Amino acid sequence: MENENQLIRQRKEKLQKIRELGINPYPPRCKFTHYTDEIKKHSQKIIEQNTEVSIAGRIRSLRNMGRASFAHIEDKYGKIQIYVREDKVGKDNYKLYKQLDLGDIIYVNGNVFRTKTGELTIVANKIELLTKTIRPIPVVKEKETETGEKLRYDVFADVELRYRKRYLDLLLNKDVCNVFQKRALIIKKIREFLDTNGFCEVETPILQPVYGGANARPFITHHNTLDIDLYLRIAVELYLKRLIIGGMDRVYELAKTFRNEGMDRLHNPEFTLLELYQAYGDYNDMMDLLEDLLIFLVKEVSGNNVIKIGAKEITFKKPFYRLSMIDLIKEHTDFDPSDFDRDQLIKFCKNHNIEYKEYMPTGKLIEQIFAKFVENKLIQPTYVVDFPKDISPLAKTKEDNPLFVERFELFINGEEYGNAFTELNDPIEQRDRLEKQAKLRDLGDVSANVVDEDFLEALEYGMPPTGGLGVGIDRLVMLLTNSTSIKDVILFPQMKPIK
RNA sequence: GGGCCUGUAACUCAGUGGUAGAGUAUCUGCCUUUUAAGCAGAGAGUCGAUGGUUCAAAUCCAUCCAGGCUCACCA
């Protein structure tokens, strides 16, 4: 683009001028004494003692007035104003300063004072260039109102550009930075919580010869030396269960996981899944654990047990609601699916514009009715318990009703945040269930589970009764940072390539 | 995939058939406590792309590309 060339050309010319001054525009290192927040925090002492300070950061505003200039320098903690006078820094240094642009990264050394209007300012003794930028950086201006409120002008808001050039987004939109710092905090606290509860963090294969543990289509790749296709994992369940069989009683993995399916506000092809397994536990233990974990996380992030989403307030306190899927459907539809009467269910689905396919298990119809009529009504944290067996091939059958399994999903604000069950450990029943899944696949269900012979063999060596839990970390971060799109909590979300 | 909306300068946007605009940014000049610094001047565009209608298209039509919201599907 001609125009961009103009702006870049001008900056390259400045680069040349700087080199002609005998200055390296990309020096290898820099030592500074203070971050901006330290200067602000200890300003009184620094001013009283006339302490010399030095900072490093990016030029975010420039106000040049002949032989003196003001600018704002930003580091990771915020901005501070600098005041550069030709008579103070000397002619040569001021010449360098005149060649600087918005976005350049500089070192400033000087003393601190307050201007007429009271702004804390470093009056420079010396400026050093640390990195010259040659591409113009979008300009966002800020003004503080009388009430202390910050008005922002020309905000860098193009959503596509923000995702594609995340470095600019982080630079120009401070709250974006906060979201990812919170994400880091949440993950750190999850580890802390699980570690103190006796869980061991493990790493299992991302490249798997057989994929399993969830209903989803995988990405396929190829290993050249072995000359075999491998799948990017869609879950870590079957590997973690092998570890339970091996005697690692409590394990978890924060697993980057890949599903080759649709993308939207809630789905990115790669996402982070927490899975954990606890030997000698069941799904009730998982409910207790998940409650404790979430209450802990909400406290760490928001300071109390309440999250605000728009006008809604969500309160986290023990115990969460625990309601069965069937009871919830009855409550919200006046329809009772508890007898699994397939004809009645098909009729209900057709009447209510719910997709029906011949191969769908009866439980799938029930789940779809639940999804349509109940899910978005569940605002406060609610465990939906007891799922149909035919859509839960890895969960243990309920002792008092063979149509259902010991499984729950957690719903908050109408969306799912966790999925857990008492794990099926009967190797013969497990084989039977996976083979039924394989039949579904033959009938056209592309997301059905595949039979994992190695896993079935492992189960035959005996897995203790076990509770297992999966939590979508990206969505949890969305919830705790009040983000509406998964793209806002993933630094580099998947985008279509630019043609 | 369906519906609605958006795409114009580096950034934020105006412009609904008749010579491509504004503010910011950039460049030049003046300016040593400014702060969305100011004043004066200048440069900067494949109007998302391609085709069509028209004497004339940023504007109307078609197709495509990219994005957002939403519904459906999918965990």
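Values in this document were obtained by computation on a predicted structure and should not be read as measured data. We name chains A, B, ... by the order of the sequence lines, and we start the count at 1 in each one.
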Does any nucleotide pair with B/A20 by Watson-Crick or G-U wobble geometry, both distances under 3.5 Å, and what is it?
none

Ignoring hydrogens and angles, tell me if any N or O in the side chain of A/Lys40 forms a donor-acceptor pair with the backbone of A/Thr36 under 3.5 Å.
no

B/U12 OP1/OP2 closer than 4.0 Å to side-chain N/O of A/Lys141
no

Nearest listed nucleotide, side chain of A/Asp264, among B/C73, B/A44, B/A66
B/C73

Sequence-distant partners of A/Lys357, salt bridge (Lys or Arg N to Asp or Glu O under 4.0 Å), two or more places apart:
A/Glu355

Pair A/Thr422, A/Asp282: side-chain N/O donor-acceptor within cut-off below 3.5 Å
no

How about A/Arg265 and A/Thr484: does a side-chain donor come under 3.5 Å of a side-chain acceptor?
no

Mate of B/C73 across any strand shown (Watson-Crick or G-U wobble, both atom pairs under 3.5 Å) is none

A/Leu62 CG to B/C31 C1', in whole Å, measures 16 Å

pi-stack flag for A/Tyr153 and B/A36, centroid dist under 5.5 Å, interplanar under 30°
yes

Quantified in whole Å, what is the P atom distance between nucleotide B/U63 and nucleotide B/C69?
24 Å

Pair A/His72-A/Glu119, side-chain donor/acceptor within less than 3.5 Å:
yes

Within residues 75-88 of chain A, the residues having a heavy atom closer than 4.0 Å to RNA chain B are A/Gln81, A/Tyr83, A/Arg85, A/Asp87

Contact class for A/Val155 vs. all strands (heavy atom < 4.0 Å): base, sugar-phosphate, or nothing?
sugar-phosphate

Measuring only the P atom in each nucleotide, how far is B/G52 from B/A58? A whole number of Å is fine.
15 Å

State the pairing partner of B/C60; accept Watson-Crick or G-U wobble contacts with both distances under 3.5 Å, and report none otherwise.
B/G52

With a 3.5 Å cut-off and just heavy-atom distances, do the side chain of A/Asp154 and the base of B/G23 make a donor-acceptor pair?
yes

Nearest-angstrom distance, C1' atom, B/U54 to B/C61
12 Å

Nearest-neighbour nucleotide for the A/Pro138 side chain, B/A37, B/A66, B/C11 considered:
B/C11

Contact class for A/Arg259 vs. all strands (heavy atom < 4.0 Å): base, sugar-phosphate, or nothing?
sugar-phosphate

A/Asn268 atom CG is separated from B/C74 atom C1', nearest whole Å, by 14 Å

Considering every strand and a 4.0 Å limit on heavy-atom distances, what is the contact class for A/Glu119: base, sugar-phosphate, or nothing?
base

Over all strands shown, is A/Glu367 touching base, sugar-phosphate only, or nothing at heavy-atom distances under 4.0 angstrom?
nothing

List the residues meeting salt bridge (Lys or Arg N to Asp or Glu O under 4.0 Å) with A/Glu261, not counting sequence neighbours, and say none if there are none.
none

Under 4.0 angstrom between A/Arg67 side-chain N/O and B/U32 OP1 or OP2:
no

Categorize A/Leu102 for me: base, sugar-phosphate, or nothing, with a 4.0 angstrom heavy-atom threshold over every strand shown.
sugar-phosphate

For a quick check under 3.5 Å, do A/Arg183 and A/Ser483 share a side-chain donor-acceptor pair by atom type?
no

Side chains of A/Gln81 and A/Tyr83: do they bring a donor and an acceptor to under 3.5 Å?
no

Nearest-angstrom distance, C1' atom, B/C4 to B/U19
35 Å

Look at all strands and tell whether A/Ser485 reaches a base, only sugar-phosphate, or nothing, counting heavy atoms closer than 4.0 Å.
nothing

Using the C1' atom as the point on both nucleotides, what is the distance between B/A44 and B/G21, in whole Å?
13 Å

